[in-house]
Amino acid sequence: MGKEITSRSQDYAQWYNDLILKSGLADYSAVRGCMVIKPYGFALWENMRDELDRMFKDTGHVNAYFPLFVPKSLFEAEEKNAEGFAKECAVVTHYRLKTDPENKGKLIVDPEAKLEEELVVRPTSEAIIWNTYKGWIQSYRDLPILVNQWANVVRWEMRTRLFLRTAEFLWQEGHTAHATKEEAIIEAEKMLEVYADFAENFMAVPVIKGLKTANERFAGAEETYCIEALMQDGKALQAGTSHFLGQNFAKAFDVKFSDKTNTLDYVWATSWGVSTRLIGGLVMAHSDDDGLILPPKIAPLQVVIVPIYKNDVEKGAIANKVHQLVSEFKQLGIRIKFDDTDNARPGWKFAEYEMKGVPVRVAIGPRDLANNMAEVARRDTKEKLSVSLDNLPYYIKTLLDEIQLNLFTKAKQFRDEHITKADTWDDFVKLLDEKGGFVAAHWDGTGETEDKIKELTKATIRCIPLDNKQEDGTCILTGKPSIQRVLFARAY
RNA sequence: CGGGAGGUAGUUCAGCCCGGUAGAAUACCUGGUUUGGGACCAGGGGGUCGCAGGUUCGAAUCCUGUCCUCCCGACCA
């Protein structure tokens, strides 16, 4: 027997864990809250990273790298930001171990190697970066600075979940400096567009672009923009954020520039990031009870060819033909694998590649070869078709585009069906409990009401959509006047 | 961080209550038969029972501590 996956209806959380582990995306590790990203999962991340990196460069950004450690004094310089992260920071206090005199072969922290100043392991890099920018910026001619870094960060989470929330994770963080407020806001909005474009066109995950409320805003930001996605269980997932930081960090780190009139002013800032959490969202947006379903544009493998044969003669004839095909596929830029290993039979391979979410499977046996055909199976719909070998690579190139589009269309339809208006408290609660998804409801605009609703329903305001329609109404909880609906949901 | 569950072969698990030479299935290796949806037969290798102490003539089993994982909760820009 092979690997069994818990079904979504039986236990959604277990289904998610089974998928990650059994498809080979990641593993648990010996370190609390930290996971191992396995080669298959990392190949997926590399594809995502490469595409995002290309998009960042296309919008004028360059990459750099800043230290993992942040001296505590720098970290605390921007108070709100420091407070926001204080509870989840790992801190380095010593720089040396020594042999335990009481217990040979064991090591202890050398009490004489205590650091004069503790080092915070970065939960984000604003502090160390703004401390550095101070030395880079003197006049408006030094601006804008459009820097991104690919890095790991550490946030000491109490409860972790593979990809969605781990103590250490991989991400990119863009940190930009601008001469004007307007330019910084445009930058924050531009990067939100980049994230939305990437999510929808590469991950095939539809997202809602919006603004966070004051309660949900990044500590240290003036405004937090976000993209929110919807998972199959009806819970929302924040998939990316972009912050307009105002002059908060410039003031905290004393970063001033002289403008054209030689007047000194503080620099305007943004920061924006997406992380390996996107992989968790990707898994939960598309996959089914048979395994992962990956969108072709970022799937590590787009096509797998499984040969079917009774003996070496048949195997050889098939391999001959397939080797030709494989080079044609590669010329079209398709990521393909010919699985001619002998240690598993075709049926086993079919199930395995379905588990791994490979978008297209091609099976070729003696009968196909005689007819110059192949059996093509698509992962998203499970449909099988016989296709001529003559135009197979071109056929599949088109099919991959079709699958990409189909995944997005399906996810978008699900998402759209799960944005529901509620005008009474009873409806509101009932929708959250029974249907899930986003509930569009009026809100009086206060943090107190938001907190109260969270306490009562566990739902938070995911965002105020950017293109939100203005309409008069009354708050779902307090009945006070409201000018627009906001999106509530239970979230990861 | 609180409550619950768990950790024994690569994997899934039995054995633990009631201490006495560590088991099954599957995977793996060899040979053979097979191969169009998770093959079969025969033979074989593989585990300091999470780790560290303790009790005992003897510990996977009892006791204490500790680490890791899962679920629920609190927390989580």
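Please read all numbers here as calculations on a predicted model, not as lab measurements.
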Residue pairs, two or more places apart or on separate chains, that pass ring-ring contact (aromatic ring centres under 6.0 Å, His included) and touch residues 356-390 of chain A =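 Those involving residues 356-390 of chain A do not exist here.
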Distance-only check: which donor-acceptor pairs under 3.5 Å involve side-chain atoms of residues 70-79 of chain A, not counting sequence neighbours?
residue, atom, partner, partner atom, Å
Ser73(A), OG, Glu117(A), OE2, 2.6
Glu78(A), OE1, Lys80(A), N, 3.4
Glu78(A), OE1, Asn81(A), N, 2.8

Applying a 4.0 Å non-hydrogen cut-off, can you work out what [X] is touching in the nucleic acid: base, sugar-phosphate, or nothing?
{"X": "Lys349(A)", "result": "nothing"}
{"X": "Glu354(A)", "result": "base"}
{"X": "Gly84(A)", "result": "nothing"}

Nearest-Å distance, CZ (Arg490(A)) to C1' (A74(B))?
->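 Roughly 16 Å, once rounded to whole Å.
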Could you list the donor-acceptor pairs under 3.5 angstrom formed by side chains in residues 359-371 of chain A, with sequence neighbours left out?
residue, atom, partner, partner atom, Å
Arg361(A), NH1, Glu354(A), OE2, 3.0
Asp368(A), OD2, Gly365(A), N, 2.9
Asn371(A), ND2, Arg367(A), O, 3.1

Residue whose closest nucleotide on RNA chain B lies nearer the 5' end, Lys87(A) versus Lys384(A) |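 The 5'-side residue here is Lys384(A).
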Sequence neighbours excluded, which residues qualify as ring-ring contact (aromatic ring centres under 6.0 Å, His included) partners of Phe218(A)?
->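 Listed in chain order: His243(A).
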Aromatic ring centroids of Trp272(A) and Phe56(A) under 6.0 Å?
->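 Trp272(A) vs Phe56(A): aromatic centres under 6.0 Å.
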In chain order, what residues pass the salt bridge (Lys or Arg N to Asp or Glu O under 4.0 Å) check against Glu173(A), with sequence neighbours excluded?
->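 Counting only residues at least two positions away or on another chain, Glu173(A) forms no salt bridge (Lys or Arg N to Asp or Glu O under 4.0 Å).
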Salt bridge (Lys or Arg N to Asp or Glu O under 4.0 Å) partners of Lys98(A), counting only residues at least two apart |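 For Lys98(A), no residue satisfies salt bridge (Lys or Arg N to Asp or Glu O under 4.0 Å) once neighbours in sequence are set aside.
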Could you list, one pair per line, each protein nitrogen or oxygen that sits under 3.5 Å from a nitrogen or oxygen of nucleotides 69-72 of chain B, together with the distance?
residue, atom, partner, partner atom, Å
U69(B), OP1, Gly33(A), N, 2.7
C70(B), OP1, Tyr28(A), OH, 3.2
C70(B), O3', Asn17(A), ND2, 3.4
C71(B), OP1, Asn17(A), ND2, 3.2
C72(B), OP2, Arg159(A), NH2, 2.2

Pairs meeting criterion side-chain hydrogen bond (donor to acceptor under 3.5 Å, both in side chains) with involvement of residues 305-319 of chain A, two or more places apart =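 side-chain hydrogen bond (donor to acceptor under 3.5 Å, both in side chains) check on residues 305-319 of chain A returns Tyr309(A)-Asp342(A).
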Under a 3.5 Å limit for both distances, which nucleotide forms a Watson-Crick or G-U wobble pair with A25(B), could you say?
->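 Because both required distances fall under 3.5 Å, A25(B) counts as paired with U11(B).
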Tell me which residues in residues 305-324 of chain A put a heavy atom below 4.0 Å from RNA chain B, sorted by number, or none.
->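 Only Ile308(A), Tyr309(A), Lys310(A) qualify.
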